Amino acid sequence: MSIDNLIQQAVARAVKELYNIDTAPDAIIPQTTKKEFEGNLTIVVFPWVKAARKSPEQVGTEIGNWLVDNEPAVDRFNVIKGFLNIVIEPTFWNTVLKHIQDTPSYGISTPTEDSPLVMVEYSSPNTNKPLHLGHVRNNLLGYSLACILKACGNRVVKTNIVNDRGIHICKSMLAWKKWGEGATPESTGKKGDHLIGDFYVLFDKHFKEEVKSIMATENMTEDEAKAASPLMQEAREMLVKWEQRDPEIRQMWQMMNEWVYAGFDQTYKRMGVSFDKIYYESDTYLEGKEKVLEGLEKGIMYRKEDGSVWADLTDDGLDHKLLLRSDGTSVYMTQDIGTAKLRYADYPIDKMIYVVGNEQNYHFQVLSLLLDKLGFKWGKDLVHFSYGMVELPEGKMKSREGTVVDADDLMDEMVTTAREVSSELGKLDGLTADDAEAIAETVGLGALKYFLLKVDPRKNMTFNPKETIDFNGNTGPFIQYTYARIRSVLRRAGDEGIQTVDYLGVQPNEKEIALIQAIADFPSTVAEAGRSYSPALIANYVYDLVKQYNQFYHDYSILKEEDAAVRSLRLALCDTTARVIKTGMGLLGINVPERM
RNA sequence: GGUCCGGUAGCUCAGCUGGAUAGAGCAUCUGCCUUCUAAGCAGACGGUCAUGGGUUCGAAUCCCGUCCGGAUCACCA
C-alpha cells in the first residue's frame, strides 16, 4: 500500500469517528506539502468544516491528533488555516524506498490474458512522399502512448494503416514512367521513399507548367485548365486501370511501393518506433463498401436518386455524410469503416485509439457514430488522440513551397548537432569512435523526441529548424545527462567495492525524503498518463524528478560519506532515481546512455 | 454562420478531477569547477493567468458572455 492510500484510509476513518461523516477514501487527495511549511503530505479539511460545525483550525487539529494517536506512520502535524500538514515518521520513508528497490518492475504493470486489448493506430503515411516533421510528432506520440498503455496493464497492438492507393500514388508512378523510367533506389543512391517523393514533386512541376500554358493558349481559367490537363487525365486513367487490376500498372505499383516501404522501415527503425500489424488501404477500401451496404439494408443509411449513399447524423447534431459516391466508389470514411471491419476480425478489440492530427476531429466524430451504428462495440468510445500541428516560424509547412522539414534530414541534423556540442564540451574524450557516435545518436534523437513529447499534444507547436533544439534546461539531453551521472556514481561505488548495508534505521533528511516522495509518485503518474493519454505528463514528471535529484546531488558527497548506512541510503536513492528515469524515458521511447 | 480546440513571464511551455505567496527552461544580470561529469547548481529580474460576470470559505482551474488565434463543416484523402 502506498503512503497516499494509507493516509487516505486513516483520514477517512478519523472523519468517521470524530464527526460521523462518511467519506470515500479516494475522494481525499493528499498533496505534497509546500516547501514553506513543515510536513510531507497535506490534507485540506475545508470539506468537513460545515458538517463538523467547527473552525477549520479545530477540525485540522482534531484530525491531526487522531492520526498521531491511531496511525503509526504519522509522526506529528501542524495546521495552518484549513490545511493539515502531516509529518510522516521519518524511517517509514526508508521502508518505502526499500520496497521500490525490491520491486524490479517498479511502476509498470504487466498485462495478462484478461487485460483489455487496446489497438493504437499511428503513423499512417501516404506512399507518395517521405515522412516529414508532422509524421515525426505522430510517430513519437503513438509509440509513446502504446508504451504507456502497456505499462498500465493493457494488451496493446500497435498498428499502421498505409495509404497505398489513390490518385497521388498514380501521379508519382506517371512521373516515373514519363521522366525517369529505369531509375531505382540502387541506380540513384536515393532512399526509396525519397526517390518516389521526388517524382511526385516532378509531376506537380510539369502539371503546373502545363496548366499555365493551357491557360495562356486556350484562354481558360485555372480550374478549367486543371480539368483539361492531359497529365491529370493520364493519372486518372492510371487509377482506373489500377482499380481494374491492370497487370502492368499493378506490377509497377508494387515495385515502387516496395521501395517506399524499405525507406520507411529505415526511418521508423532509426526513430525507434515499430508496429505489430500493418494494414494497407488497397486491402481495406473495398471492405467498407460491403459494410455500408449492410447498413443500407438495416436502414442506418439511405440512398439518394443519383445512387449515392448517405448517413443522416442530424439527430446527433452533425450533418448528412456521404459514404458511397454515385458511381459506387468509396470515400475516405468508407475506407476507415472497412479497416475497422478487418481489424475487428483480426483482434477482439476492446478499445481503439487513433493517433491522427486535429484537422480530422470532425471525421472521427462521424466515424465514432457510424461505427457504433454499425455495431462495433468499441465504436462509441473510440479515442481520437488528436494532436496539434507542428508549425515552422514562417507558418505551416507547405509541400508545394518546399518548406517541409524531412524526417530523415531532421534526425541527421539533430545527431550532427549533438556530436558537435559533445565534442566542444569535451564529453567524447577518451571514447572510441563507435561509442562517441552511439552517444551522439542517442542524445540527438533524445533531444528531438523530448522536445516533441513534452508539450501538451493538443497544442500546435512551433519548431525552428535553424536554431535546432536546445540541449540545456528542460530537454532530453539534460535528463540523459543526469542519468549518465548517476550511473557514474554507481559505477564508482562498484569499483571501490562499497558494500551496501541495511539503512532502514537511518533517519533520512528533508531532501532525501523529498526525493523518495517524488519517486514514490511514479506509479500513479504512469496510471494517470495512461488514463489521460498523455506522454507529456510522463515527460514533465521525469523532468521534475531530475531537478530534484540535481539539488540532492550537489549537496552530498555520496561515496565519501562515513556512515555506511547513510551512504547505503543515498546509493539506494541514486539507484532508484536512475531506474525511474530510465523507465520513464522508456515510456517516451527515449534511450538513456550509460555515459555521456 | 455551426461545431471543436487553444489564449498563463519578453520567448517556449508546466500547472486545469477547485486549495496556501501561480512554477520551470530560454533570454538578461550575479555567484559557484581542488569533493562521484559545470549539458550542472544557487540567486536576481520578470505575471491584471485574454476579458467581463457567476458559483463559494477559496477560481489560472468549474459555468455563462465577449474578444483574439487555429481547425473543421467536399461525390479530397
Side-chain angles (χ1 to χ4, degrees), chain A residues 27 29 31 33-34 36-37 42-47 49-50 55-56 80-83 85 124 126 163 165-168 281 304 306-310 317-319 321-333 335-336 357-363 365-366 386 388-389 391 396 418 421-422 424-427 443 447 451 454-456 458-464 467 470-482 484-493 495-496 528 531-532 536-537 539-541 543-544 546-547 550-551 553-560 571 574 595-596:
Chain A
I29 303 170
Q31 17 195 337
T33 306
K34 299 226 168 204
E36 305 87 82
F37 307 103
T42 297
I43 302 289
V44 181
V45 303
F46 284 110
V49 167
K50 219 174 226 172
S55 73
I80 293 159
K81 292 196 282 182
F83 299 92
N85 299 321
S124 308
N126 289 348
N163 183 7
R165 61 168 283 279
I167 190 75
H168 49 286
E281 271 191 11
K304 281 192 181 175
D306 63 2
S308 55
V309 177
W310 297 71
L318 302 174
D319 291 327
K321 180 73 194 175
L322 175 84
L323 292 169
L324 288 177
R325 298 191 185 96
S326 46
D327 62 4
T329 55
S330 303
V331 294
Y332 181 40
M333 187 63 72
Q335 293 173 28
D336 262 352
N358 63 10
E359 71 271 15
Q360 295 194 27
N361 285 353
Y362 183 74
H363 173 83
Q365 226 178 315
V366 173
S386 161
M389 333 190 151
E391 285 163 5
K396 287 175 74 168
V421 173
S422 297
E424 258 170 50
L425 292 168
K427 299 283 181 188
V443 172
F451 181 84
K454 75 173 175 189
V455 308
D456 184 336
R458 283 173 303 180
K459 289 188 174 173
N460 289 355
M461 61 190 304
T462 307
F463 180 86
N464 191 337
E467 291 172 10
D470 223 324
F471 286 49
N472 300 310
N474 186 2
T475 65
F478 169 51
I479 294 166
Q480 291 171 320
Y481 175 62
T482 303
R485 239 173 21 195
I486 297 176
R487 296 299 304 164
S488 169
V489 172
L490 296 172
R491 266 198 304 276
R492 279 285 283 272
D495 291 348
E496 294 181 13
E528 176 62 28
R531 230 174 297 133
S532 56
L537 210 60
N540 286 299
Y541 167 83
Y543 175 64
D544 285 344
V546 161
K547 288 228 56 151
N550 272 329
Q551 291 167 18
Y553 167 84
H554 281 272
D555 278 1
Y556 306 118
S557 181
I558 295 157
L559 298 175
K560 290 190 180 158
L571 282 171
C574 285
R595 59 188 83 212
M596 68 182 272

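Protein chains get the first letters and strands the later ones, always in sequence-line order, with residue 1 at the start of each. Just so it is clear, the structure is predicted and the values come from calculations on it, not from any experiment.
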Novice: What's the base orientation of C33(B): syn (chi within 90° of 0) or anti?
Specialist: syn
Novice: Rounded to the nearest 0.5 Å, what separates atom CZ in R491(A) from atom CD in E496(A)?
Specialist: 12.5 Å
Novice: Can F83(A) be said to stack with the base of A20(B), given centres closer than 5.5 angstrom and planes under 30 degrees apart?
Specialist: yes
Novice: May I ask you to evaluate whether R458(A) reaches the phosphate of C5(B), defined as a side-chain N or O under 4.0 Å from OP1 or OP2?
Specialist: no
Novice: Out of G40(B), G25(B), A20(B), which nucleotide sits closest to the side chain of Y543(A)?
Specialist: G25(B)
Novice: Roughly how far apart, to the nearest Å, are A59(B) and U72(B) at atom C1'?
Specialist: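 The answer is 32 Å between these two C1' atoms.
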Novice: Between U34(B) and U51(B), how far apart are the two P atoms, rounded to whole Å?
Specialist: 49 Å
Novice: Of the options C36(B), G40(B), G19(B), whose atoms approach the side-chain atoms of I558(A) most closely?
Specialist: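 In terms of side-chain proximity for I558(A), the closest of C36(B), G40(B), G19(B) is C36(B).
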Novice: May I ask you to evaluate whether R487(A) reaches the phosphate of C36(B), defined as a side-chain N or O under 4.0 Å from OP1 or OP2?
Specialist: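 Checking R487(A) against C36(B): no side-chain N or O falls below 4.0 Å of OP1 or OP2.
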Novice: Would you confirm whether the ring centroid of F37(A) sits within less than 6.0 angstrom of the ring centroid of F83(A)?
Specialist: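 Judged by ring-centre distance (under 6.0 Å), F83(A) and F37(A) do not meet the cut-off.
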Novice: Between K81(A) and P56(A), is there a donor-acceptor pair closer than 3.5 Å when you use the side chain of the first and the backbone of the second?
Specialist: no
Novice: Rounded to whole angstroms, how far apart are CG on L318(A) and C1' on C4(B)?
Specialist: 11 Å
Novice: Sticking with atom C1', work out how far G69(B) lies from A24(B), rounded to a whole angstrom.
Specialist: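 Result for the C1' pair: 25 Å, nearest Å.
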Novice: Would you indicate what R492(A) reaches in the nucleic acid, counting non-hydrogen atoms under 4.0 angstrom: base, sugar-phosphate, or nothing?
Specialist: sugar-phosphate
Novice: Any salt bridge linking D456(A) with R458(A)? Criterion: basic side-chain nitrogen under 4.0 Å from a carboxylate oxygen.
Specialist: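 So D456(A) pairs with R458(A) through a salt bridge.
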Novice: I need the CE-C1' distance between M389(A) and A71(B), as an integer number of Å.
Specialist: 6 Å
Novice: Under 4.0 Å, heavy atoms only, any strand: does V49(A) hit a base, just the sugar-phosphate, or nothing?
Specialist: nothing
Novice: Quick check for you: among G19(B), A77(B), A39(B), whose closest atom lies nearest to any side-chain atom of V44(A)?
Specialist: G19(B)
Novice: If I take atom CE in residue M461(A) and atom P in nucleotide G70(B), what distance separates them, rounded to the nearest angstrom?
Specialist: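 Atom-to-atom, M461(A) to G70(B), this comes out as 19 Å.
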Novice: Is there a Watson-Crick or G-U wobble partner for G1(B) with both distances under 3.5 Å, and which nucleotide is it?
Specialist: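 Across all strands, the one nucleotide that pairs with G1(B) is C73(B).
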Novice: Establish whether the base of U37(B) is bridged to the side chain of K427(A) by a donor-acceptor pair shorter than 3.5 Å.
Specialist: yes
Novice: Which part of the nucleic acid does T329(A) contact within heavy-atom distance under 4.0 Å: base, sugar-phosphate only, or nothing?
Specialist: nothing
Novice: Please determine, for the side chain of R595(A), which listed nucleotide (G70(B), G6(B), U37(B)) has the closest atom?
Specialist: U37(B)
Novice: Given A24(B), A39(B), C73(B), identify the nucleotide with an atom nearest to the side chain of D319(A).
Specialist: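 Of the options given, the side chain of D319(A) lies nearest C73(B).
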Novice: Tell me, please, whether W310(A) has K304(A) positioned over its six-membered ring: NZ or CZ under 6.0 Å from the ring centre and within 45 degrees of its axis?
Specialist: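 Flagged: K304(A) positioned over aromatic ring of W310(A).
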Novice: Measure the distance from CG on N358(A) to P on A71(B) and round it to the nearest whole Å.
Specialist: 9 Å
Novice: Between C73(B), A42(B), C36(B), which nucleotide has the shortest distance from any of its atoms to the side chain of Q551(A)?
Specialist: A42(B)
Novice: When all nucleic acid strands are considered with a 4.0 Å heavy-atom cut-off, which category describes Y362(A): base, sugar-phosphate, or nothing?
Specialist: sugar-phosphate
Novice: Indicate yes or no for a side-chain donor-acceptor contact from N460(A) to the backbone of M389(A) under 3.5 Å, with no hydrogens or angles considered.
Specialist: yes
Novice: Select one nucleotide: of U37(B), A39(B), A14(B), the one nearest the side-chain heavy atoms of N540(A).
Specialist: A14(B)
Novice: With P as the reference atom in both, quote the distance from A60(B) to U8(B) in angstrom, rounded to an integer.
Specialist: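 Here A60(B) and U8(B) have their P atoms 15 Å from each other.
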Novice: Which base sits across from C26(B) as a Watson-Crick or G-U pair, both distances under 3.5 Å?
Specialist: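 Per the H-bond distance test, G10(B).
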Novice: Measure from OH on Y553(A) to C1' on A42(B) and round the result to the nearest Å.
Specialist: 15 Å
Novice: Regarding Y556(A), tell me which of base, sugar-phosphate or nothing describes its non-hydrogen contacts under 4.0 Å with the strands shown.
Specialist: base
Novice: In whole angstroms, how far is the C1' atom of C13(B) from the NZ atom of K454(A)?
Specialist: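 So the NZ-C1' distance, K454(A) to C13(B), works out to 7 Å.
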Novice: Looking only at atom C1', what distance separates C45(B) and C57(B), rounded to whole Å?
Specialist: 35 Å
Novice: What's the closest nucleotide to the side chain of K459(A) if the choices are A77(B), G6(B), U21(B)?
Specialist: G6(B)
Novice: Once you apply the 3.5 Å cut-off to both distances, tell me the Watson-Crick or G-U wobble partner of C16(B), or none.
Specialist: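 Across any shown strand, C16(B) pairs with none.
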Novice: Which nucleotide, C26(B), A77(B), A71(B), lies nearest any side-chain atom of E359(A)?
Specialist: A71(B)
Novice: Is there a side-chain polar atom (N or O) of S488(A) under 4.0 Å from OP1 or OP2 of C36(B)?
Specialist: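 No, because none of the side-chain N or O atoms of S488(A) sits under 4.0 Å from OP1 or OP2 of C36(B).
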Novice: Looking only at N and O atoms, is any donor in the side chain of T475(A) or the base of A39(B) less than 3.5 Å from an acceptor on the other one?
Specialist: no
Novice: Check for a donor-acceptor pair, side chain of T329(A) on one end and backbone N or O of R325(A) on the other, with a separation under 3.5 Å.
Specialist: no
Novice: Does any non-hydrogen side-chain atom of Q480(A) lie less than 4.5 Å from one of M596(A)?
Specialist: yes
Novice: Can you identify which nucleotide, out of C41(B), A39(B), G19(B), has its nearest atom closest to the Y481(A) side chain?
Specialist: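 The nucleotide sitting nearest to the side chain is A39(B).
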Novice: Report the distance from atom CD of E36(A) to atom C1' of A22(B), rounded to the nearest whole Å.
Specialist: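 My rounded result for the distance is 12 Å.
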Novice: If I pick the C1' atom on A9(B) and the same atom on G52(B), what distance separates them, to the nearest angstrom?
Specialist: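 Their C1' atoms lie roughly 23 Å apart.
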Novice: What is the pairing partner of C41(B), taking Watson-Crick or G-U wobble pairs with both distances under 3.5 Å in any strand?
Specialist: G31(B)
Novice: Work out how far the C1' atom of G7(B) is from that of G43(B), and round it to whole angstrom.
Specialist: 32 Å
Novice: Using only side-chain N and O atoms of R485(A), determine if any of them is under 4.0 Å from OP1 or OP2 of C41(B).
Specialist: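 No, no such contact exists.
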Novice: If I pick the P atom on U12(B) and the same atom on G19(B), what distance separates them, to the nearest angstrom?
Specialist: 26 Å
Novice: Searching all strands shown, indicate the nucleotide that pairs with G52(B) (Watson-Crick or G-U wobble; both distances under 3.5 Å).
Specialist: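 Pairing partner, where one exists within any strand: C64(B).
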Novice: Is it the case that A20(B) (base atoms only) and N85(A) (side chain only) share a donor and an acceptor within less than 3.5 Å, ignoring hydrogens and angles?
Specialist: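 Side chain to base: pair present.
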Novice: Could one point to a donor on the side chain of T482(A) or the base of A39(B) with an acceptor on the other under 3.5 Å away?
Specialist: no
Novice: So what does A484(A) touch, heavy atoms closer than 4.0 Å: a base, only the sugar-phosphate, or nothing?
Specialist: base
Novice: Check the phosphate of U35(B) against K560(A), side-chain N and O only, distance under 4.0 Å to OP1 or OP2. Yes or no?
Specialist: no
Novice: Looking across every strand, which nucleic acid part, if any, lies under 4.0 Å from D555(A) by heavy atom: base, sugar-phosphate, or nothing?
Specialist: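 The residue D555(A) makes no contact with any strand.
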Novice: Would you mind reporting whether F451(A) and T475(A) have side-chain heavy atoms less than 4.5 Å apart?
Specialist: no
Novice: Between Q31(A) (CD) and G18(B) (P), how many Å, whole number?
Specialist: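 Roughly 11 Å, once rounded to whole Å.
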Novice: Ignoring hydrogens and angles, tell me if any N or O in the side chain of S488(A) forms a donor-acceptor pair with the backbone of A484(A) under 3.5 Å.
Specialist: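 Not at all, since once roles are kept as given, no pair shorter than 3.5 Å links the two residues.
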Novice: Respond yes when some side-chain nitrogen or oxygen of K50(A) is under 4.0 Å from OP1 or OP2 of C57(B), and no when none is.
Specialist: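 Result: yes.
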